[in-house]
**Q** 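Attaching a single structure in structure tokens format; questions to follow.
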Amino acid sequence: QVQLVESGGGLVQAGGSLRLSCAASGRTLSSLGMAWCRQAPETEREFVAGALSGGTTRYTTSVQGRFTISRDNAKNTVYLQRNTLKPEDRAIYSCAAGRSVSLAGMTGPRHYDYWGQGTQVTASS
């Protein structure tokens with residue numbers, strides 16, 4: 001079984017940058033499709049960014065600004081970077097991994113098999 005542990009969340013001032021880390025164990029990261037999702041209060045969990053094992057990346061179109069997902073297979077770690085954080089970005093961010101994630105399905109949280117506990121991100125104005 002794959003274990004995922006997120007870190008890097010906390011209180012970030014609006015306009016500041018965010019960098020989250022997801023450390024994976026139990027299986028080599030190179031064989032997994034990875035994603036970051038988030039869930040704000042009273043909302044459903046939504047896809048933010050994903051990276052397939054082959055390197056293909058996709059990002060949400062629902063928010064302003066740019067997210068960047070990156071993989072470091074040697075460290076078995078996935079990162080999520082966002083510059084110019086918005087107050088609307090506050091949510092619990094969760095790392096996800098999937099054994100067989102396709103290009104068509106990678107933006108759907110239900111296609112991932114393993115999930116971290118999440119890390120809270122609060123964007124203050």
Side-chain angles (χ1 to χ4, degrees):
Q1 190 172 357
V2 177
Q3 292 80 230
L4 304 172
V5 180
E6 303 96 336
S7 62
L11 178 62
V12 181
Q13 187 175 6
S17 63
L18 174 72
R19 186 174 184 267
L20 303 178
S21 299
C22 173
S25 61
R27 187 173 177 176
T28 176
L29 186 64
S30 62
S31 64
L32 298 170
M34 304 298 298
W36 286 94
C37 299
R38 69 182 185 182
Q39 185 171 20
E42 308 286 332
T43 67
E44 296 182 9
R45 182 159 55 191
E46 67 172 343
F47 172 86
V48 176
L52 300 182
S53 60
T56 301
T57 59
R58 293 186 67 180
Y59 299 94
T60 180
T61 59
S62 65
V63 299
Q64 183 182 0
R66 181 174 176 84
F67 287 95
T68 301
I69 186 171
S70 60
R71 308 170 61 121
D72 189 336
N73 290 340
K75 296 181 179 179
N76 241 30
T77 302
V78 179
Y79 305 93
L80 181 68
Q81 175 79 37
R82 178 166 168 81
N83 300 114
T84 316
L85 198 72
K86 303 295 191 299
E88 297 77 22
D89 293 324
R90 64 183 183 276
I92 298 175
Y93 286 74
S94 299
C95 179
R99 292 168 293 177
S100 58
V101 181
S102 66
L103 179 63
M106 66 183 298
T107 60
R110 68 181 303 273
H111 294 286
Y112 296 89
D113 305 299
Y114 310 102
W115 293 85
Q117 292 295 321
T119 182
Q120 178 73 53
V121 173
T122 302
S124 62
S125 59

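The residues of the chain are indexed from 1 along the displayed sequence.
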**Q** Can you name the salt bridge (charged side-chain N to carboxylate O under 4.0 Å, His left out) partners of D72, sequence neighbours left out?
**A** none

**Q** By the disulfide (SG to SG under 2.5 Å) test, which pairs, at least two apart or in different chains, include something from residues 92-125?
**A** C22-C95

**Q** Please identify each residue that fulfils side chain to side chain donor-acceptor pair (under 3.5 Å) with S102, with sequence neighbours left out.
**A** none

**Q** Test of understanding: with side-chain contact (heavy atoms from CB on, under 4.5 Å), list the residues that count as partners of A97, not counting sequence neighbours.
**A** L4, L32, M34, Y114

**Q** Going by the side chain to side chain donor-acceptor pair (under 3.5 Å) test, which pairs reach into residues 14-37, not counting sequence neighbours?
**A** Q3-S25, R27-S31, T28-S30

**Q** Sequence neighbours left out, what pairs pass disulfide (SG to SG under 2.5 Å) with at least one residue falling in residues 23-57?
**A** none

**Q** CZ/R45 to CD1/I92 distance, rounded to the nearest 0.5 angstrom?
**A** 10.0 Å

**Q** Hey, could you give me each pair passing salt bridge (Lys or Arg N to Asp or Glu O under 4.0 Å) that has a residue in residues 95-109? Not counting sequence neighbours.
**A** R99-D113

**Q** Please round to the nearest 0.5 Å and tell me the distance separating atom CZ of R66 and atom CZ of R82.
**A** 11.0 Å

**Q** Linking I/L/V/M/F/W/Y whenever their side-chain heavy atoms sit closer than 4.5 Å, directly or via other members, would Y79 and L20 fall into one cluster?
**A** no

**Q** Could you give the side-chain donor-acceptor pairs of residues 117-125 under 3.5 Å, partners two or more places apart or in another chain?
**A**
| unit_1 | atom_1 | unit_2 | atom_2 | d |
| --- | --- | --- | --- | --- |
| T119 | OG1 | G9 | N | 3.2 |
| Q120 | NE2 | A91 | O | 3.3 |

**Q** If you group Ile, Leu, Val, Met, Phe, Trp and Tyr by side-chain heavy-atom gaps below 4.5 Å, do L85 and V48 land in one group?
**A** yes

**Q** For F67 and T57: C-alpha separation, side-chain torsions, deciding distance, then whether side-chain contact (heavy atoms from CB on, under 4.5 Å) applies.
**A** CA-CA 11 Å; F67 287 95; T57 59; over 6 Å; no

**Q** Could you tell me which residues satisfy side-chain contact (heavy atoms from CB on, under 4.5 Å) with T61, sequence neighbours excluded, listed by chain and number?
**A** none

**Q** Checking R71 side chain against A51 main chain: does a donor-acceptor pair fall under 3.5 Å?
**A** yes

**Q** For E46, which residues count as a salt bridge (charged side-chain N to carboxylate O under 4.0 Å, His left out) partner, sequence neighbours excluded?
**A** R38

**Q** Spell out, as yes or no, whether a donor-acceptor pair under 3.5 Å connects the side chain of Y59 to the backbone of I69.
**A** yes

**Q** Could you give the distance from CG (L18) to CD (Q81), rounded to the nearest 0.5 Å?
**A** 7.0 Å

**Q** When Ile, Leu, Val, Met, Phe, Trp and Tyr are grouped by side-chain heavy atoms lying under 4.5 Å apart, directly or through other members, which residues fall in the same group as Y112?
**A** F47, L52, V101, L103, M106, W115

**Q** Among residues at least two apart in sequence or on other chains, which ones pass side chain to side chain donor-acceptor pair (under 3.5 Å) with R58?
**A** none

